Enquirer: 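For reference, the structure I am asking about is given below.
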Amino acid sequence: MLTKDQLQQQIAELKMDYINLQGDMEKLESVGHPDSVKQALVRLENMEARLAELNKQLAAL
């Protein structure tokens with residue numbers, strides 16, 4: 001099991017990755033790459049699920 005600090009670090013890193021991916025997705029949308037946008041949406045959904053899992057673990061500590 002991860003420590004509180006490790007969980008907080010993973011959450012912070014995942015949030016930064018999420019924000020970066022959102023920016024990349026906006027660029028892909030503006031230049032017309034629908035398949036890449038769909039892939040990015042799937043990645044965002046996976047990140048959201050992982051964030052929820054990490055936050056749940058953090059709350060249990």
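Predicted, not measured: the structure shown is a model, and the values here were computed from it. For the single chain, residues carry numbers from 1 onward in sequence order.
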Enquirer: Could you state the interatomic distance from CD (Gln8) to CG (Leu2), rounded to the nearest 0.5 Å?
Expert: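 That separation rounds to 11.5 Å.
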Enquirer: Distance from Lys56 atom NZ to Leu58 atom CG, nearest 0.5 Å?
Expert: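 It comes to 13.5 Å.
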Enquirer: Rounded to the nearest 0.5 Å, what separates atom CG in Asp17 from atom CG in Leu44?
Expert: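 Interatomic distance, Asp17 CG to Leu44 CG, rounded to 0.5 Å: 10.5 Å.
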Enquirer: Applying the side-chain contact (heavy atoms from CB on, under 4.5 Å) test to Glu13, which of Lys15, Met16, Gln9 qualifies?
Expert: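 Checked Lys15, Met16, Gln9 against Glu13; only one passes side-chain contact (heavy atoms from CB on, under 4.5 Å): Gln9.
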Enquirer: Could you go step by step and tell me if Glu53 and Arg50 meet the salt bridge (charged side-chain N to carboxylate O under 4.0 Å, His left out) rule?
Expert: CA-CA 5 Å; Glu53 179 185 322; Arg50 179 68 179 145; 2.7 Å; yes
Enquirer: Could you measure the distance from the CG atom of Leu28 to the CG atom of Asp35? Nearest 0.5 Å is fine.
Expert: 10.5 Å
Enquirer: Output yes when a side-chain donor or acceptor of Gln6 lies under 3.5 Å from a complementary backbone atom of Thr3, and no otherwise.
Expert: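 Indeed, once roles are kept as given, a pair shorter than 3.5 Å links the two residues.
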Enquirer: First locate atom CD1 of Ile11, then atom CG of Leu54, and finally report the distance between them rounded to the nearest 0.5 Å.
Expert: 5.0 Å
Enquirer: Can you confirm whether Met25 sits close enough to Arg43 that some side-chain heavy atom of one is under 4.5 Å from a side-chain heavy atom of the other?
Expert: no
Enquirer: Look up atom CG in Leu14 and atom CG in Leu7, then write down how far apart they are to the nearest 0.5 Å.
Expert: 12.0 Å
